[in-house]
*Asks:* 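Dropping the structure in here first, questions after.
Computed from heavy atoms alone, side chains included, the values below leave out hydrogens, waters and symmetry copies.
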Amino acid sequence: MLDIKIIRQNPEIVKKSLSNRGTEVDLEELLELDARRRSIIQEGDELKAKRNQFSEQMSKNKGGSPEQKQEIRQIGERIKVIDTEMKDLELAIDDIIKRIPNIPHETVAVGSSEEDNPVIRTIGGKPGFAFTPKEHWELGENLGILDFKRAAKITGARFCLNWGTGARLERALINFMLDVHTKEHGCTEVWTPFMANRDSFTATGQLPKFEEDLFRTDDYFLVPTAEVPVTNIYRDETLPEEKLPIKLVAYTPCFRREAGSYGKDTRGLIRQHQFDKVELVRFAHPDRSFVDLEELTSEAEDILRKLGLHYRVISLCTGDLGFSSAKTYDLEVWMPGQGVYKEISSCSCFTDFQARRGNIRYRSVQMKKSEFCHTLNGSGLAVGRTLAAILENYQNEDGTVRVPEALKPYMELDLIEPIR
RNA sequence: GGAGAGAUGGCCGAGUGGACGAAGGCGUUCGCCUGCUAAGCGAAUGUAGGGUCAAAAGCUUUACCGAGGGUUCGAAUCCCUCUCUCUCCGCCA
């Protein structure tokens, strides 16, 4: 959420941000509602002050003239009307302002689609194969470690059942990632609820705009990313300044409806309704949150490096940037079987956008007032996609798959062979 | 699922219709004092919105005692609904 004061004082900044993102929001209406709200506050406050004065007089004199009482009663009626209108206005303002995306950072390229995302750096290349590399779903099914057919029977499309070493590989990756982030990057591991309420989803920005992307129960929504429960750990709290940055890491399963992506990545592990992810979350000081973004991104990259995977880093342009984000780096891993780079991590700085929605603050003893802190997060990494990348990159001509050096202690195995 | 108890400031805790933004204590900050430390003394100490101001400070006003409604000239206090926490019983992984 943006600060209404910024919108009031610098509407042109917000307009530019919206046009760069290719989004439409009726700012004029918002400003009109805001002006109306302020004028009505004045009227209401004056009437309330009058009523308070009268009440005070009553308490001292133990009485008042019937005419006075009559007048105050009328004022009371008017206040009720005003308060009702106020509530409507605030709802209307809230509804618009919660649909305004974050303002992109000045270093973000202006562009309209993913075509315009600049590549920041490329690590490794496109390693050659002496044979034609297969796609991971074919490898996985041939090995008997990935079973999409039975998963579809159990649940439906876009689910997967892992067998034996495939299940073990999933778990090994989760443990490996958590170990690296906690032991080498100083993150604190957290284990969270996998469902969250509407307030939490509103704070991180999934609601109200993206409700159709979420699975839900009668009472709660299933988390589409650990960003939601982890960022909300400190909702409505004020953190001591000296504790910043707070670095957390969490493993959660993630649940996404993937509405509107029918026909996209229909095969394999790339786009599932349920997938595992290890997520990095930071609560940062506003003065250095973009430094934190560089650090967080390199922590995510560290996993790819250690696994010996080749990848590139791109910076999302204004048109491709997520709703809550001010700047996002995507890590794209090379998938030789498919012959494409696939997103495997998305690292974002949200500035105070989520913190304002979730009322997450920080203060030091010297500070007179608390301020919103900045929030960041990034996948470190998406586990299913990492598993897919390993299959495609470490495959042998006979369909077996070598275990990356870093995973051997976790797999207690050098080679993934067919399950009979 | 059934029966009870509770939710007050950074924390503990008082407060059953007006003098309560809220006693008292703890903590924190500033100052004083004590030849160090501890103790002691004095003062300050919530948040958010609006108005005034070029702006800050200041001044002023409104709201906030789990959330939302109601009664009343006036609600932390009375009534209703909801949420959460705790205890007991039942059921169950």
*Asks:* Hey, is A:Asp292 close enough to A:Lys247 for a salt bridge, meaning N to O under 4.0 Å?
*Replies:* no
*Asks:* Please check the phosphate of B:U62 (OP1 and OP2 only) for any side-chain N or O of A:Asn52 closer than 4.0 Å.
*Replies:*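 It does, given that an N or O in the side chain of A:Asn52 lies less than 4.0 Å from OP1 or OP2 of B:U62.
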*Asks:* Going by purine N1 to pyrimidine N3 plus the second Watson-Crick contact, or the G-U wobble pair, all under 3.5 Å, which nucleotide sits opposite B:G68?
*Replies:* B:C80
*Asks:* Is there a donor and acceptor pair, one atom on the side chain of A:Asp45 and one on the base of B:G49, closer than 3.5 Å?
*Replies:* yes
*Asks:* If only side-chain N and O atoms count, and only distance matters, is there a donor-acceptor pair under 3.5 Å linking A:Arg402 with A:Asn396?
*Replies:* yes
*Asks:* On RNA chain B, does the nearest nucleotide to A:Lys87 precede the nearest nucleotide to A:Gly76 from the 5' side, or the other way round? Give the residue.
*Replies:* A:Lys87
*Asks:* To the nearest Å, how far apart are A:Asp236 CG and B:A67 C1'?
*Replies:* 13 Å
*Asks:* Hey, does the side chain of A:Arg38 come within less than 4.0 Å of B:G50's phosphate (OP1/OP2), counting only N and O?
*Replies:*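 So the side-chain polar atoms of A:Arg38 never come under 4.0 Å of the phosphate oxygens OP1 or OP2 of B:G50.
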*Asks:* Are the aromatic ring centres of A:Phe221 and A:Phe215 under 6.0 angstrom apart?
*Replies:* no
*Asks:* Tell me the interatomic distance from A:Lys243, atom NZ, to B:G10, atom C1', rounded to whole angstroms.
*Replies:*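 Checked: the NZ to C1' distance equals 14 Å.
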*Asks:* Check the angle between the aromatic planes of A:His285 and A:Tyr362 and answer parallel, tilted or perpendicular using the 30° and 60° thresholds.
*Replies:* tilted
*Asks:* Just grab all the salt bridge (charged side-chain N to carboxylate O under 4.0 Å, His left out) pairs involving residues 89-105 of chain A, residues at least two apart or on different chains.
*Replies:*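 The answer is A:Arg37-A:Glu90, A:Asp94-A:Lys98, A:Asp95-A:Arg99.
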*Asks:* Please give the nucleotide sitting opposite B:A39 as a Watson-Crick or G-U wobble pair, both distances under 3.5 Å, or none.
*Replies:* none
*Asks:* Sticking with atom P, work out how far B:G42 lies from B:A48, rounded to a whole angstrom.
*Replies:* 31 Å
*Asks:* Suppose you measure atom C1' in B:C20 against the same atom in B:U81; what distance do you get, rounded to whole Å?
*Replies:*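 B:C20 and B:U81 have their C1' atoms separated by 27 Å.
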*Asks:* Can you tell me the pairing partner of B:U85 across any strand shown, Watson-Crick or G-U wobble, with both distances under 3.5 angstrom?
*Replies:* B:A5
*Asks:* I want to check one thing: is the phosphate of B:G50, taken as OP1 and OP2, less than 4.0 Å away from some side-chain N or O of A:Arg8?
*Replies:*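 Indeed, a polar side-chain atom of A:Arg8 lies that close.
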*Asks:* Starting from C1' on B:U60, measure out to CD on A:Glu46 and report it in whole angstrom.
*Replies:* 12 Å
*Asks:* Distance check, P atoms only: B:C26 and B:A39, in whole angstrom units.
*Replies:*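 Their P atoms lie roughly 12 Å apart.
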*Asks:* Between B:G50, B:C73, B:G68, which nucleotide gets closest to the side-chain atoms of A:Arg37?
*Replies:* B:G50
*Asks:* Taking only Lys NZ, Arg NE, NH1 and NH2, and the carboxylate oxygens of Asp or Glu, determine whether A:Arg198 and A:Glu211 approach each other closer than 4.0 Å.
*Replies:*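 Yes.
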*Asks:* Measure from CG on A:Asn197 to P on B:C82 and round the result to the nearest Å.
*Replies:* 19 Å
*Asks:* So if I take every side-chain heavy atom of A:Ala49 and compare against B:G68, B:U62, B:G74, which nucleotide ends up nearest?
*Replies:* B:U62
*Asks:* With P as the reference atom in both, quote the distance from B:G24 to B:G69 in angstrom, rounded to an integer.
*Replies:* 33 Å
*Asks:* Among B:U62, B:G51, B:C73, find the nucleotide with the atom closest to the side chain of A:Ile72.
*Replies:* B:C73
*Asks:* Out of B:G49, B:U47, B:G18, which has the shortest distance to the side chain of A:Arg363?
*Replies:*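 Closest nucleotide among those given: B:U47.
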*Asks:* Applying a 3.5 Å limit to both distances, which nucleotide forms a Watson-Crick or G-U wobble pair with B:U47?
*Replies:*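 Pairing partner: B:A63.
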*Asks:* Would you say B:G51 has OP1 or OP2 under 4.0 Å from some side-chain N or O of A:Lys48?
*Replies:*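 Checking A:Lys48 against B:G51: no side-chain N or O falls below 4.0 Å of OP1 or OP2.
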*Asks:* A:Asn359 CG to B:U47 C1': how many Å, rounded?
*Replies:* 9 Å
*Asks:* Please give the distance between the C1' atoms of B:A19 and B:U37 as a whole number of Å.
*Replies:*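 To the nearest whole Å, 45 Å.
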*Asks:* Could you state the CZ-C1' distance from A:Phe54 to B:A75, rounded to the nearest angstrom?
*Replies:*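 Distance, rounded to whole Å: 17 Å.
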*Asks:* Under a 4.0 Å N-O cut-off, is there an ion pair linking A:Lys5 with A:Asp34?
*Replies:*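 No, A:Lys5 and A:Asp34 are not salt-bridged.
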*Asks:* With a 4.0 Å limit, can you tell me whether A:Arg361 has a side-chain N or O closer than that to the phosphate oxygens OP1/OP2 of B:A48?
*Replies:*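 Yes, A:Arg361 has a side-chain N/O under 4.0 Å of OP1/OP2 on B:A48.
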*Asks:* Whole Å only: how far is the CZ atom of A:Arg356 from the P atom of B:A48?
*Replies:*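 About 12 Å, once rounded to whole Å.
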*Asks:* Measuring only the P atom in each nucleotide, how far is B:G15 from B:G6? A whole number of Å is fine.
*Replies:*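 It works out to 13 Å between them.
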*Asks:* Look through every strand shown and name the nucleotide pairing with B:U52 as Watson-Crick or G-U wobble, where both distances are under 3.5 Å.
*Replies:* B:G58
*Asks:* Atom CG of A:Leu91 and atom P of B:G68: how far apart are they, to the nearest Å?
*Replies:* 12 Å
*Asks:* Considering Watson-Crick and G-U wobble pairs with both distances under 3.5 Å, what does B:G18 pair with?
*Replies:*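 Check on B:G18: paired to B:C73, both distances under 3.5 Å.
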*Asks:* Looking only at atom C1', what distance separates B:C36 and B:A44, rounded to whole Å?
*Replies:* 28 Å
*Asks:* Expressed in whole Å, how much space separates the C1' atoms belonging to B:A22 and B:A76?
*Replies:* 8 Å
*Asks:* Describe the nucleic acid contact of A:Lys80 in one word from base, sugar-phosphate, nothing, applying a heavy-atom distance below 4.0 Å.
*Replies:* sugar-phosphate
*Asks:* Which nucleotide, in any strand shown, forms a Watson-Crick or G-U wobble pair with B:A23, with both distances under 3.5 Å?
*Replies:*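 With both distances under 3.5 Å required, B:A23 matches none.
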*Asks:* Scan residues 248-259 of chain A for pairs that pass salt bridge (charged side-chain N to carboxylate O under 4.0 Å, His left out), counting only residues two or more places apart or in two chains.
*Replies:*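 Salt bridge (charged side-chain N to carboxylate O under 4.0 Å, His left out) check on residues 248-259 of chain A returns A:Glu258-A:Arg271.
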